[in-house]
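Notes follow once the structure below has been shown.
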Number of protein chains: 4
Amino acid sequence: MATSERRPRDPQARRAALAAAVIEVIAEVGIGRTTHRAVAARAGLPLGATTYYFPTLDDLIAAGLRQATEDLRADLERRAAAFRDTHDLAAALTDLALGYLDDRGQTQIEYELFVAAARDPALRPLAEFWLTGMTELLEPHVGRRTARMLVALLDGAMLHALVTATALDATALTSALRALILAGPREEA
Amino acid sequence: MATSERRPRDPQARRAALAAAVIEVIAEVGIGRTTHRAVAARAGLPLGATTYYFPTLDDLIAAGLRQATEDLRADLERRAAAFRDTHDLAAALTDLALGYLDDRGQTQIEYELFVAAARDPALRPLAEFWLTGMTELLEPHVGRRTARMLVALLDGAMLHALVTATALDATALTSALRALILAGPREEA
Amino acid sequence: MATSERRPRDPQARRAALAAAVIEVIAEVGIGRTTHRAVAARAGLPLGATTYYFPTLDDLIAAGLRQATEDLRADLERRAAAFRDTHDLAAALTDLALGYLDDRGQTQIEYELFVAAARDPALRPLAEFWLTGMTELLEPHVGRRTARMLVALLDGAMLHALVTATALDATALTSALRALILAGPREEA
Amino acid sequence: MATSERRPRDPQARRAALAAAVIEVIAEVGIGRTTHRAVAARAGLPLGATTYYFPTLDDLIAAGLRQATEDLRADLERRAAAFRDTHDLAAALTDLALGYLDDRGQTQIEYELFVAAARDPALRPLAEFWLTGMTELLEPHVGRRTARMLVALLDGAMLHALVTATALDATALTSALRALILAGPREEA
DNA sequence: AATGAATGAGGGTTCATTCAT
DNA sequence: TATGAATGAACCCTCATTCAT
């Protein structure tokens with residue numbers, strides 16, 4: 001039965017709406033409790049649309065996670081210039097972290113993805129893409145190994161802020177980042 | 001005569017068995033997909049035992065998370081002496097991380113807890129207890145703020161290792177930890 | 001949730017009720033359109049009872065088919081004496097066919113089983129048990145090969161009656177059966 | 001220039017292709033589990049074609065069953081001459097049965113149709129047409145009543161072969177057919 | 001004339017939870 | 001005290017059918 005009024009056709013937009021809805025739902029209830037129904041409701045689309053555009057729930061969830069990852073990449077690219085010109089990388093990174101934490105959902109989904117990827121190899125490329133994005137942003141400044149440590153510190157600090165629902169200790173974080181940058185080897189270009 | 005195989009029916013033991021089973025199940029499928037049935041099966045106990053000892057599924061899961069946290073604290077206490085005497089805190093911490101990563105399940109559940117706590121305030125005390133444990137171990141050596149950064153770096157690095165299914169870069173991590181320790185203020189008692 | 005009034009416990013009876021309901025549903029809509037919900041409604045039991053007692057729909061259906069087969073065997077056993085003493089096997093067989101056709105559902109399910117078994121090897125033993133029951137009833141009188149032909153003729157004639165919704169041509173059938181009996185080899189005990 | 005691969009769009013051909021696809025699908029999964037999608041995929045036609053050429057699923061299925069019946073009739077006509085000239089009708093019929101069983105799908109669909117017709121009066125004419133075809137082939141030789149018994153025996157024997165996945169006992173079948181022929185009345189024109 | 005996008009009913013199955021025993 | 005029987009909501013997914021294009 002295909003009664004009730006149909007919405008105009010715009011597959012691109014519907015896929016996007018579903019992916020965006022997935023992100024929101026995951027942020028709210030977690031991957032493990034994300035359902036077709038919740039996503040459809042959130043997207044304002046009929047239930048059937050979820051399986052029509054994404055054969056399985058896993059596909060649907062993956063689409064959301066992929067979208068979130070691409071959103072991050074786009075955001076990082078937008079910020080790339082600022083990082084290139086900064087004379088205080090540590091402060092810039094702290095600002096970045098503070099900015100991300102402003103949108104708890106955005107941050108929450110990052111860790112959802114990480115934890116899920118730790119269990120499900122199929123999600124690993126996505127999580128790695130996420131990590132790589134951050135690392136590559138910093139690599140030109142501090143080399144790969146240090147970049148990785150900076151990202152680790154940032155991710156750890158953000159996770160703690162999220163967990164404890166406490167604001168980041170920006171001063172401490174900046175100092176710590178600076179220490180890593182100063183001490184880091186510069187073996188790479 | 002064989003007085004039959006009389007099971008002990010030790011409530012304490014059964015609760016513990018259930019909590020331990022919860023930990024295993026969460027590590028395998030995540031909090032969101034943990035069920036009474038899976039826990040009961042894992043514990044080798046009847047389904048009814050789960051709801052008999054823990055009113056709701058959330059309670060059952062919380063019991064598992066609590067147990068996992070207590071296990072960690074006990075482990076940390078056991079290691080405390082080593083930390084007190086070490087002359088190379090950074091190396092000791094890296095060893096600690098490597099040791100934890102040996103048991104992926106153990107590590108996985110830590111991040112499960114963190115991500116869940118980020119969403120559910122009821123779990124926050126548990127996650128904070130976990131964080132506090134690590135921090136307090138290091139505080140006497142480096143002060144609270146630095147301790148926090150060390151823990152953040154450790155958690156971030158371990159998370160990345162888990163996500164990418166890659167071994168920790170122990171050398172880089174140790175250097176980074178050392179940098180944080182050296183640079184850290186010692187403003188606190 | 002397990003609200004609403006519970007019926008008394010009698011697993012045996014419930015399994016039987018479900019199996020009986022399956023038989024009715026299959027007779028009405030066919031195996032391919034038999035659903036949990038239809039069976040539960042027919043049995044006057046809640047939906048959950050179907051999967052509680054039979055893990056999958058296939059199991060549920062198999063239980064119905066098995067029950068139908070056992071019903072037939074019991075019926076055949078009841079009639080065995082009459083066959084042993086008859087001096088007119090052909091007439092007795094025609095009566096048997098007429099009797100079975102009285103309950104279209106009973107007959108319908110036989111052919112449902114046969115057609116399903118032709119496709120699904122898992123059902124084959126059941127269908128063969130059905131065939132064997134008839135064959136063994138006749139074997140003492142006419143030998144195995146002739147028994148088989150008698151059963152084939154009966155099954156074919158009943159199928160035609162069912163298909164055309166026409167009464168059996170009892171006279172013709174009796175004559176035909178008699179011809180087979182008379183012409184049959186008596187090579188077996 | 002390549003005027004593209006312009007498909008013929010021959011409605012007649014498409015209907016035929018769909019009907020043929022229906023036959024295959026029914027043989028594989030049964031009428032009750034035959035779907036638009038499976039048929040379209042099998043025919044290599046778009047989903048919309050199924051409902052475009054046949055209003056409902058039942059119509060589509062009926063088209064397949066009708067086609068199968070017509071195929072049989074055509075086949076019987078082709079064989080009619082052989083039957084007219086044979087001096088050993090029983091042997092010829094056994095050969096016929098063996099031939100049909102060679103293509104299990106062909107045979108399977110016959111019984112699918114029979115069982116469905118037993119339940120659904122709308123299909124009855126089709127099934128009767130099938131039966132009539134066989135009967136009329138034999139009627140000139142043995143009269144109508146005997147012809148019917150021959151067809152019943154054949155159908156029963158083929159069904160058993162199908163069900164048990166066993167080869168027909170050709171010798172026994174031929175003997176049985178012969179017995180029916182010899183004993184049969186010749187009361188009709 | 002033809003198609004695939006679109007929808008929601010319905011199907012198989014799982015499961016938290018309740019409760020008789 | 002302890003258990004497994006019992007229930008129905010909710011889940012994922014399939015699909016007949018409709019309709020815009």
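Chain identifiers are assigned alphabetically (A, B, ...) following the order of the sequence lines, protein sequences preceding nucleic acid strands; residue numbering begins at 1 within each chain.
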*What would the secondary structure line of DNA chain F be in dot-bracket form, counting Watson-Crick and G-U wobble pairs under 3.5 Å, with [ ] for pairs that cross earlier ones and | for pairs with another strand?*
.||||||||||||||||||||
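The existence of a salt bridge linking D:E28 and C:R119 is excluded, since no basic side-chain nitrogen approaches an acidic carboxylate oxygen closer than 4.0 Å.
Between the side chain of D:R124 and the main chain of C:V163, a donor-acceptor pair closer than 3.5 Å is present. Side-chain atoms of B:Q108 never come within 3.5 Å of backbone atoms of B:G30 as a donor-acceptor pair (strictly under, hydrogens ignored).
For the side-chain contact (heavy atoms from CB on, under 4.5 Å) with C:E112, the lone residue among C:I23, C:I26, C:V29 that qualifies is C:I26.
Within 4.0 Å of D:L57, counting heavy atoms only, lie sugar-phosphate atoms of the nucleic acid but no base atom. No engagement by C:T50 is indicated, since no non-hydrogen atom pair under 4.0 Å with the nucleic acid exists.
Between D:Q12 atom CD and E:dA2 atom P there is a gap of 12 Å when expressed in whole angstrom units. Following rounding to the nearest Å, A:D58 (CG) and F:dC13 (P) show an atom-to-atom distance of 7 Å. At whole-Å resolution of the value, CG in C:L18 and P in F:dA5 are 14 Å apart. The interatomic distance linking C:I61 (CD1) with E:dG11 (C1') rounds to 12 Å, in whole Å. A straight line from CG of B:D59 to P of E:dT18 spans 12 Å, rounded to a whole angstrom. Atom-to-atom, CZ of D:R15 to P of E:dA1 comes out at 12 Å; the value is rounded to the nearest Å. Rounded to whole Å, the distance from CG on C:D10 to C1' on F:dG4 is 15 Å.
D:L60 CG to D:T51 OG1: the interatomic distance, rounded to the nearest 0.5 Å, is 9.5 Å.
For the contact set between residues 31-41 of chain C and DNA chain E, defined by any heavy atom under 4.0 Å, the members are C:T34, C:T35, C:H36, C:R37.
Taking 4.5 Å as the limit, some side-chain heavy atom of B:L18 sits within range of a side-chain heavy atom of B:T50.
Remark on DNA chain F: of its neighbouring residues C:L47 and A:G48, the 5'-side contact belongs to C:L47, judged by nearest-heavy-atom nucleotide.
Residue D:Y53 has a polar side-chain atom (N or O) positioned under 4.0 Å from OP1 or OP2 of E:dA2. Neither OP1 nor OP2 of F:dT3 sits under 4.0 Å from any side-chain N or O of B:Y52.
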_Determine whether B:Q67 and B:V22 satisfy the following criterion, side chain to side chain contact (heavy atoms under 4.5 Å, CB included), listing intermediate values before the conclusion._
CA-CA 9 Å; B:Q67 185 59 50; B:V22 168; over 6 Å; no
_Check against side chain to side chain contact (heavy atoms under 4.5 Å, CB included), C:L123 and C:L65_ = CA-CA 9 Å; C:L123 293 175; C:L65 295 174; 3.8 Å; yes
*For C:R66 and C:F129, what are the C-alpha separation, side-chain angles and deciding distance, and is it a side chain to side chain contact (heavy atoms under 4.5 Å, CB included)?*
CA-CA 10 Å; C:R66 204 175 314 119; C:F129 187 68; over 6 Å; no
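Across F:dT17, E:dT7, E:dT3, the shortest atom-to-atom separation from the side chain of D:R14 is found for E:dT3.
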